[in-house]
Structures are given as structure tokens and as C-alpha cells.
Amino acid sequence: MRETLIRSALQMLESGEPFSLRALARDAGVSTAAPYRHFADREELESALAVHGLQELMRDLTADREPPATAEDIGEVAVRYVRFAMRRPALFHLMFGQPCDDQNDERVRAAAALRDYLREVMARVFPQSEPDALATAGWSLAHGLAFLHLDGKLPNTDPDEIDKRVRSAFAAVFPPVARAETTRRRTNRAKPDHDKPNRSASNRSTSNHTESSIQ
């Protein structure tokens, strides 16, 4: 029942219908009292919708994709973030346009999962930098671009142009200098032990050569 109510509320939200728990009951075809068994009030329902949105956003960012490994990959994460906002505008506004209910454990966990994912991406791509600061910068840029397009401050009618604009903005802030270093790290990790120089053998050879020279 709870998931049915959430789906109905999402449909009402995205269609622009003002909703209340009473209106939700009518739309879902249940008794007026039924929603109150799952949500104490409208705020609790909105928190549940925000959790749903955060989880859906995480799936969009991560599903069926290799973990980001380059600066260009970070730009693609941002593209998917903005695409979600453009596809789910009302839900996106609800997710981020209101204070987070820190008393709702499920919402806190969903928001933390997104922050942790962004931090892990930055730590992987830029291991010598401060991942928390970079995650904040990258999230702020993607989030700002999402709202600028949603609010019509940037042209928002051509999806391909939106993608291109997001990629260009991220390339300007996170230039693709990490590719060579990332490739080097991957190559080094992939090398088997027998490909690595035998330092002890090299040291013995050097020592023998030195002793021969002294004699």
C-alpha cells in the first residue's frame, strides 16, 4: 500500500496537481484514512517522495556503468545528474528545494549515499587531492547547472545542447589531465609480479661488479 501511495503521489506531483493526503487517497482509490496509516502528515509524505527521488537519482548515476575513472567520466556523471533533473523537474525541486528532514533516517541515509558516491568518485580520479572539497565543488556545479536549465536561465529546449553545455562546464573546471596518470595507475596495478624489476637480483649484480672492480 505504501508504495502504491508513493507512486500515486509522484504522478500527482509531476502532473502539477496540488496534493494532500485526502486527495492522494482519492487518486489511489483507497479510503481517506488509509494514507494516514503510512504518513503522519504531508511533510512525511514529501520526505518519502524525496527518498524515492534520491534513490532513483543514484540508480541513474551508477546503474550498468563502470565506476568513473577520469575527469571526462566526472563530466558524464554530471550529464546524468542534469538529465534526471530535466526528466523529473517537480520531484527534483521537492528533493532539494526544501530543508532536509534530519529526523527521517531513511532520507538521511539516501542523501548520505549520494554524498559518499561523489566523494568516492573524486578520490578515485584525483587521489592526490582533497576528495571532500572536490565532491562539494562538483556537486555544486552540477546542481547549479540543473537549476539554471530548469528555471530557463540557460536554454533548455534541446537535450543534446544541454548535455554539451554540462560537459563543457565540467571540462573547464576539471580539465582532463588525470587520464595519463589514471592509465599509469591502472597499468601498474595490472602488472604481474614477475614483470616488476627484481631489485634484490639487481643489487647483487651491482655488489658483485663493485667487488670485482676493487680486486
Next item on the list: Calculate, to the nearest 0.5 Å, the distance between atoms OG1 and CD belonging to Thr70 and Glu76 respectively.
Entry: 9.0 Å
Margin query: Are Leu118 and Met122 packed together at the side-chain level, in the sense that at least one heavy-atom pair is separated by less than 4.5 angstrom?
Written below: no
Notebook entry, point to check: Relative to each other, are the rings of Phe96 and Trp139 parallel, tilted or perpendicular (30° and 60° limits)?
Noted result: perpendicular
Margin query: How close do Ala69 and Val125 get, counting heavy atoms only, and between which atoms?
Written below: C-CG2, 3.6 Å
Check: Quick one: does Val173's side chain get under 4.5 Å of Leu141's, heavy atoms only?
Finding: yes
Notebook entry, point to check: Going from CG on Leu5 to CG on Leu24, what distance comes out if it is rounded to the nearest 0.5 angstrom?
Noted result: 5.0 Å
Notebook entry, point to check: About how many Å separate CG of Leu148 and CG of Leu154, when rounded to the nearest 0.5 Å?
Noted result: 5.0 Å
Notebook entry, point to check: Does the Arg107 side chain pair with the main chain of Val51, one donor and one acceptor, at a distance under 3.5 Å?
Noted result: no
Next item on the list: Of all the heavy-atom pairs spanning Ala111 and Leu54, show the shortest one and how long it is.
Entry: N-CD1, 3.9 Å
Notebook entry, point to check: Parallel, tilted or perpendicular: which describes the rings of Phe170 and Phe174, with under 30° parallel and over 60° perpendicular?
Noted result: parallel
Item checked: Non-hydrogen atoms of Leu145 and Ala169 that approach each other most closely -> CD1-CB, 3.9 Å
Check: Would you say the side chain of Tyr81 lies within less than 4.5 Å of the side chain of Val166, judging by non-hydrogen atoms?
Finding: no
Check: Hey, mind stepping through Arg124 and Glu120 against salt bridge (charged side-chain N to carboxylate O under 4.0 Å, His left out) and telling me if it holds?
Finding: CA-CA 6 Å; Arg124 184 183 305 113; Glu120 289 167 7; 5.0 Å; no
Next item on the list: For residues Tyr117 and Val77, determine if any side-chain heavy atom of one lies less than 4.5 Å from a side-chain heavy atom of the other.
Entry: yes
Next item on the list: Determine yes or no for a side-chain-to-main-chain donor-acceptor pair under 3.5 angstrom, with Asp27 supplying the side chain and Ala23 the backbone.
Entry: no
Note to self: Taking side chain to side chain contact (heavy atoms under 4.5 Å, CB included) as the definition, give me every residue that meets it alongside Glu130, ordered by chain and number, with sequence neighbours left out.
What the structure shows: Asp132, Ala133
Next item on the list: Test side-chain contact (heavy atoms from CB on, under 4.5 Å) on Met95 and Arg88 and set out the steps.
Entry: CA-CA 10 Å; Met95 290 159 57; Arg88 292 285 216 176; over 6 Å; no
Notebook entry, point to check: Do the charged groups of Asp60 and Arg87 touch, with an N to O distance under 4.0 Å?
Noted result: yes
Notebook entry, point to check: Is there a side-chain contact between Arg59 and Glu56 (heavy atoms, below 4.5 Å)?
Noted result: yes
Check: Do Asp151 and His93 come within less than 4.5 Å of each other through their side chains, counting heavy atoms only?
Finding: yes
Checklist line | Atom of Met12, atom of Ser15 and distance for their closest heavy-atom approach | finding: O-OG, 3.0 Å
Notebook entry, point to check: At what distance, to the nearest 0.5 angstrom, does OG of Ser47 lie from CG of Asp105?
Noted result: 11.0 Å
Donor-acceptor pairs under 3.5 Å, side chain of residues 33-41 to any protein atom, not counting sequence neighbours: which ones?
unit_1, atom_1, unit_2, atom_2, d
Asp41, OD1, Glu43, N, 3.2
Asp41, OD1, Glu44, N, 2.9

Check: If you measure from CD on Glu66 to CG on Asp73, what distance do you get to the nearest 0.5 Å?
Finding: 9.5 Å
Item checked: Flag, side chain of Asp158 to backbone of Asp160, donor-acceptor distance under 3.5 Å -> yes
Margin query: Restricting to non-hydrogen atoms, name the atom on Pro175 and the atom on Ala71 that form the minimum distance, rounded to 0.1 Å.
Written below: O-CB, 3.6 Å
Margin query: Let me confirm one number: the OG1-CZ distance from Thr136 to Arg119, rounded to the nearest 0.5 Å.
Written below: 10.5 Å
Next item on the list: Provide the closest heavy-atom pair for Ala48 versus Ile6 in the form atom of the first, atom of the second, distance.
Entry: CB-CD1, 4.1 Å
Margin query: Less than 3.5 Å apart, any donor N or O on the side chain of His149 or Arg165 sitting next to an acceptor on the other?
Written below: yes
Note to self: Let's go through Glu72 and Arg167 carefully: what are the C-alpha distance in whole Å and the side-chain angles of both, what is the deciding distance for salt bridge (charged side-chain N to carboxylate O under 4.0 Å, His left out) to 0.1 Å, and is it a yes or a no?
What the structure shows: CA-CA 8 Å; Glu72 292 94 331; Arg167 290 188 183 104; over 6 Å; no
Checklist line | Aromatic plane relationship, His143 with Phe92 - under 30° parallel, 30 to 60° tilted, over 60° perpendicular | finding: tilted
Note to self: Could you go through Asn156 and Leu150, starting from their C-alpha distance and side-chain angles, then the distance that decides it, and tell me whether this counts as side-chain contact (heavy atoms from CB on, under 4.5 Å)?
What the structure shows: CA-CA 7 Å; Asn156 60 9; Leu150 283 175; over 6 Å; no
